[in-house]
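Notes follow the structure.
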Amino acid sequence: MADVKPPEIASNIKKKLMYVNRKAPYGTIYALESLEVVLISAAFEQDVSLAFLDDGVYQLMKGQNTSGIGMKNFSPTFKALGDYEIKKLYVEKESLDERGLKPDDLMEISYEDEDEGFAKKPSVRIVNRSELTQIMAQQDVLLNF
Amino acid sequence: MADVKPPEIASNIKKKLMYVNRKAPYGTIYALESLEVVLISAAFEQDVSLAFLDDGVYQLMKGQNTSGIGMKNFSPTFKALGDYEIKKLYVEKESLDERGLKPDDLMEISYEDEDEGFAKKPSVRIVNRSELTQIMAQQDVLLNF
Amino acid sequence: MSTLHTVNKSPFERSAFISALNHLGPGDALLMIEDGVVGARKASAFAGLLEKTAKNFSVYVLGPDLAARGMAEKDVIQGARLVDYGGFVDLVTEHDRTQAWL
Amino acid sequence: MSTLHTVNKSPFERSAFISALNHLGPGDALLMIEDGVVGARKASAFAGLLEKTAKNFSVYVLGPDLAARGMAEKDVIQGARLVDYGGFVDLVTEHDRTQAWL
Amino acid sequence: MKLGILVNEGPYTHQASDSAYHFTKAALEKGHEIFRVFFYNDGVNNGTRLTVPPQDDRNLQKAWSELADKHKLDLVVCIAAAQRRGILDQDEAKRHGKNVDNIAPGFRISGLGQLVETAMIAERLVVFGD
Amino acid sequence: MKLGILVNEGPYTHQASDSAYHFTKAALEKGHEIFRVFFYNDGVNNGTRLTVPPQDDRNLQKAWSELADKHKLDLVVCIAAAQRRGILDQDEAKRHGKNVDNIAPGFRISGLGQLVETAMIAERLVVFGD
């Protein structure tokens with residue numbers, strides 16, 4: 001992340017950026033490289049949110065163990081997003097249901113709320129499809145991986 | 001194709017090789033690069049056949065015109081397969097039906113039958129799913145692209 | 001405030017097409033490009049669903065991609081309109097954002 | 001004379017899984033690897049279909065890929081058996097040919 | 001209008017690079033400004049000068065390089081993605097102890113921040129991928 | 001048993017290269033013979049020595065090169081597919097007027113006939129792709 005340099009020319013711009021994640025982790029690199037952009041974008045003080053739908057919900061599974069496939073387990077990074085002021089992770093309920101998954105199957109990801117004495121609050125919000133559609137329609141930019 | 005050199009060590013081997021095509025042309029390169037292997041395999045005097053199922057059936061569509069996308073139209077090569085002694089192109093009927101396609105939507109591909117005075121015979125055979133399953137089960141090697 | 005949704009994959013191969021349809025909002029448009037154009041074919045298993053969609057949303061098909069796959073305007077469902085790359089550009093600028101269903 | 005079919009894509013994302021199931025012949029086996037392992041999950045939309053398949057065909061899941069996606073043996077449908085890469089090799093040699101549903 | 005382009009797949013294997021190229025060209029012809037074309041994931045493979053496509057096929061790297069030259073386009077290859085795929089410029093090659101580089105004319109290697117900046121500054125971002 | 005391996009995707013972007021590597025290693029450990037590993041489509045990208053994956057990640061090119069060295073594996077990169085993707089050895093670079101090559105140790109570039117030969121001679125062919 002040595003190459004992060006918030007752009008001086010654009011310091012007055014604040015956009016709503018949503019990263020849309022629809023693919024399972026490890027089978028392809030999209031989940032990991034999407035997360036790398038998310039981390040970088042934190043340095044730019046934008047209004048960042050993440051959506052997990054379709055197979056993207058698997059990115060948040062608890063207990064991922066990649067030792068048998070020789071790849072790096074990057075799921076702990078999601079837990080660190082709160083430290084980067086990234087607090088909005090939307091998970092589509094219909095995508096969970098279809099896959100036989102429950103909210104309990106996902107990692108607990110939280111942030112500390114400065115306004116409430118750094119109380120721990122959950123970053124993941126389960127939303128249904130029509131809610132997610134509305135949230136997407138409020139974004140300035142949708143980045144799909 | 002300058003690199004074709006039938007292997008001397010294996011001149012007595014004759015296997016049933018089937019190339020299984022399940023992807024549409026142009027959106028990805030798999031259809032084209034599959035066809036390149038098919039052409040090479042002709043030089044090895046193997047028992048070669050091609051299967052077209054799922055989106056692979058689009059590879060055989062009549063009237064492909066790629067001038068607007070700046071890519072090479074490689075569909076005429078299928079018509080030349082007869083000259084390479086490749087005469088067995090199996091197309092799955094269920095795949096056509098699902099896509100609203102009829103046998104008439106596909107290119108006419110034929111070969112000349114040496115045993116019958118070089119009479120033109122069709123190379124494409126429309127088979128149903130269970131027939132194709134049986135044909136696949138008779139192959140020595142299935143190459144999937 | 002509307003979104004242009006692009007779909008570049010065949011509905012017969014991937015769920016991206018259905019997912020895009022499930023997330024269309026008021027005023028949104030759908031543009032089928034690359035292998036996605038095969039989903040616009042008349043009488044296919046997805047034709048009914050797309051025809052229904054075309055009643056409530058604008059549905060576009062990238063003509064050059066359709067021609068590459070051996071199809072023309074007469075082959076696509078009623079209600080779908082053909083555009084070229086210039087038309088693609090216009091659709092992007094006419095909508096507030098673009099969502100690519102990769 | 002039997003075939004080992006490998007599926008490396010999620011049934012929720014691609015039609016390859018269903019296509020593989022539709023082309024199983026007598027004595028054939030199905031091995032789910034990479035993203036394909038998610039199709040073996042209990043209580044998913046595909047669980048019923050796979051359970052039915054497992055009654056007539058051998059169904060295997062690559063354990064290391066399952067673990068990477070946060071799942072274990074208890075999470076997969078009845079009748080599916082876990083194998084490691086060595087087991088994958090054995091399955092290849094025990095069947096007469098391999099068909100990869102890419 | 002000021003447009004940003006994101007290309008997530010390499011040339012030839014997926015149509016994404018072709019589509020992005022034709023879209024970019026059409027946008028320029030309509031008088032729009034292309035703020036930046038950012039190459040991410042396998043998209044970085046557009047930026048190697050070592051490709052030798054068949055004579056009767058298009059040469060996507062050349063097409064991008066020429067378009068960049070003609071319109072002063074900013075073609076940025078993501079540094080992290082490029083390292084994974086073996087796309088290096090002279091500095092990067094030296095930094096990693098490699099004896100050669102392979103970046104094509106008109107492309108430059110830079111950080112992911114340049115993508116976020118594109119999302120911020122361009123009025124529309126159009127994503128091409130698999 | 002004599003096995004052939006076909007790898008149709010590049011490293012990192014798809015798991016195919018990883019799966020093929022782990023399969024090949026397991027087969028060797030069980031005493032099977034690997035007749036050849038053939039790299040086609042984007043699979044040819046396994047054969048560039050210019051990749052610099054992150055320190056905490058696996059290095060697939062190195063893994064292949066070391067496995068080839070240890071077991072005298074024949075790792076063949078398809079010449080036509082390699083030209084499209086910018087993978088060149090010294091001869092290829094010279095032939096196409098490129099000033100550098102990027103092939104990794106243990107890989108060799110050859111024709112598609114080597115894939116057909118693998119299909120003919122190997123008792124089983126296992127395909128890894130997208």
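Protein chains get the first letters and strands the later ones, always in sequence-line order, with residue 1 at the start of each. Computed from heavy atoms alone, side chains included, the values below leave out hydrogens, waters and symmetry copies.
For the residue pair B/V141 and F/A119, the shortest heavy atom distance occurs at CG2-O, 3.4 Å.
Contact of the B/F145 side chain with the F/D130 side chain is not registered, since no non-hydrogen atoms from C-beta on lie closer than 4.5 Å. Looking at heavy atoms from C-beta onward, F/V127 lies out of side-chain contact with B/L142 at the 4.5 angstrom threshold.
Remark: F/K25 NZ is loosely packed, at most 12 non-hydrogen atoms of other residues, nucleotides or ligands lying under 6.0 Å away. Dense packing is recorded around NZ of B/K62, with more than 12 heavy atoms of other residues, nucleotides or ligands lying under 6.0 Å away. The number of heavy-atom neighbours closer than 6.0 Å to CD of F/E33, taken from other residues, nucleotides and ligands shown, is above 12. Heavy atoms of other residues, nucleotides or ligands lying less than 6.0 angstrom from NZ of B/K93 number 12 at most. A 6.0 Å sphere centred on CD of B/Q138 holds more than 12 heavy atoms belonging to other residues, nucleotides or ligands. Within a 6.0 Å radius of NZ in F/K62, other residues, nucleotides and ligands contribute 12 heavy atoms or fewer. Enclosure of atom CD in B/E108 is not indicated, since only 12 or fewer non-hydrogen atoms of other residues, nucleotides or ligands lie within 6.0 angstrom.
The part of F/A122 that comes within reach of chain B is its backbone (N, CA, C, O), which places non-hydrogen atoms under 4.5 angstrom from that chain. Both the backbone and the side chain of B/V37 come within contact range of chain F, judged by heavy atoms closer than 4.5 Å.
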Open item on the list: Before you tell me yes or no, could you show the steps for B/N144 and F/N8 under side-chain contact (heavy atoms from CB on, under 4.5 Å), namely the whole-Å CA-CA distance, both residues' side-chain angles and the distance that decides it to 0.1 Å?
Closed with: CA-CA 10 Å; B/N144 311 69; F/N8 287 338; over 6 Å; no
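The CD1 atom of B/I29 sits 7.0 Å away from the CG atom of F/N41 when rounded to the nearest 0.5 Å. With rounding to the nearest 0.5 angstrom, the CG atom of B/D140 is 11.5 Å from the CD atom of F/E123. Between atom OG of residue B/S41 and atom CE of residue F/M120 there is a gap of 10.0 Å, rounded to the nearest 0.5 Å.
Salt-bridge formation is detected for the pair F/R84/B/E36: a Lys NZ or Arg NE/NH1/NH2 atom is positioned less than 4.0 Å from an Asp or Glu carboxylate oxygen. In this structure, F/R85 pairs ionically with B/E33, as a charged nitrogen and a carboxylate oxygen lie closer than 4.0 Å.
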